[in-house]
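Please read the structure below before turning to the comments.
Numbering of ligands and ligand atoms starts at 1, following listing order. For the single chain, residues carry numbers from 1 onward in sequence order.
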Amino acid sequence: MNIILLGPPGAGKGTQARTMCDSHGYIQLSTGDMLREAKEANSEIGKRAASIMAKGELVTDEVVIALIRDKITEKAGAVGFIFDGFPRTLAQADALEDLLLSIGQSLSHVVELFVDDEKLISRITGRFTCGSCGELYHKLTKPPKKPDVCDVCGSVNKFVFRPDDNEDSFKTRLLAYYRDTSPLIGFYHAKKILRKIDGLGSIDKIQAGINNLIKPVN
Ligand code: ADP
Ligand code: ZN
């Protein structure tokens, strides 16, 4: 089963993707995470992407498609993939279809997480990640039990804020979403694989809703 989580920045795609991977053994493919790793590793791609990402603009289709192609080929035997933050343009959507076809697979569902624009900004500006294990937190809605200590891996003082989680970059990211990515909603609707879910509510409730949407009907 291959699933795309679609939605604006801050809709909760990463949080839901991580939970689905823990519970179902899917492999999460997040181009945002891959680009941040490339930046950490100081690779050519990472260096070039860093300034584009900080502004909130989209990295070129060519670069992200190559990243996804490598991962899909490497993990071709997986139970399924959860795509989070990819595809973001129609060209990326076309490429994904071809890539899946090349390993004899196809998309099962596209889940659109919708959240009001006003809610998104407060989610974005309060969030941080454990630099060791990648667990996601939020100052107000999901603080760690002990300040500065990761609930999951116990790392101390390893929390990191993303440089693009500020108001200016957020505006650009939201615009990029409506301009370049939201046309995918119509595209997948026409293919009859689009499912919609309200992205407001508890993490568990949304997870249950997603599981319900992607349940095989027999
Ligand atoms: P969010 O969805 O919260 O905005 P991501 O981690 O998915 O965050 O992406 C962060 C940034 O990485 C984007 O603003 C963009 O610059 C770049 N990026 C990630 N995925 C893609 C993609 N599929 N195509 C182009 N750029 C991407
Ligand atoms: Zn951790």
More than 12 heavy atoms from other groups under 6.0 Å of NZ on Lys158: no
Could you check ligand 1 for N or O atoms lying under 3.5 Å from protein N or O atoms and list the pairs with distances?
| unit_1 | atom_1 | unit_2 | atom_2 | d |
| --- | --- | --- | --- | --- |
| ligand 1 | 2 (O) | Lys13 | NZ | 3.1 |
| ligand 1 | 2 (O) | Arg88 | NH2 | 3.1 |
| ligand 1 | 3 (O) | Arg127 | NH2 | 3.0 |
| ligand 1 | 3 (O) | Arg173 | NH2 | 3.1 |
| ligand 1 | 4 (O) | Arg88 | NH2 | 3.3 |
| ligand 1 | 4 (O) | Arg173 | NE | 3.1 |
| ligand 1 | 4 (O) | Arg173 | NH2 | 3.0 |
| ligand 1 | 6 (O) | Arg36 | NH1 | 3.0 |
| ligand 1 | 6 (O) | Arg36 | NH2 | 2.8 |
| ligand 1 | 6 (O) | Arg162 | NH1 | 3.3 |
| ligand 1 | 7 (O) | Arg88 | NH1 | 3.1 |
| ligand 1 | 7 (O) | Arg88 | NH2 | 3.3 |
| ligand 1 | 8 (O) | Arg162 | NH2 | 3.0 |
| ligand 1 | 9 (O) | Arg88 | NH2 | 3.4 |
| ligand 1 | 16 (O) | Glu57 | O | 2.5 |
| ligand 1 | 20 (N) | Thr31 | OG1 | 2.7 |
| ligand 1 | 20 (N) | Gly85 | O | 3.4 |
| ligand 1 | 20 (N) | Arg88 | NH1 | 3.1 |
| ligand 1 | 23 (N) | Thr31 | OG1 | 3.3 |
| ligand 1 | 23 (N) | Gly85 | O | 3.0 |
| ligand 1 | 23 (N) | Gln92 | OE1 | 2.9 |
| ligand 1 | 24 (N) | Gln92 | NE2 | 2.9 |
| ligand 1 | 26 (N) | Val59 | N | 3.0 |

Compute whether any side-chain donor of one residue and acceptor of the other, for Thr89 and Asp61, lie under 3.5 angstrom apart. yes
Would you call the rings of Tyr137 and Phe128 parallel, tilted or perpendicular if under 30° counts as parallel and over 60° as perpendicular? parallel
Would you say the side-chain atoms of Lys145 pair up with the backbone N or O of Cys150, donor to acceptor, closer than 3.5 Å? no
Just to verify, which of Arg127, Arg36, Arg123 counts as forming a salt bridge (charged side-chain N to carboxylate O under 4.0 Å, His left out) with Asp165? Arg127
Before moving on, can you tell me the angle at the Zn ion (ligand 2) between the SG atom of Cys150 and the SG atom of Cys130, to the nearest 10 degrees? 110°
More than 12 heavy atoms of other groups within 6.0 Å of Lys47 NZ: yes
Nearest 10° is fine: what angle sits at the Zn ion (ligand 2) between SG from Cys133 and SG from Cys153? 110°
Can any side-chain N or O of Thr172 pair as donor or acceptor with the backbone N or O of Gly56 at less than 3.5 Å? no
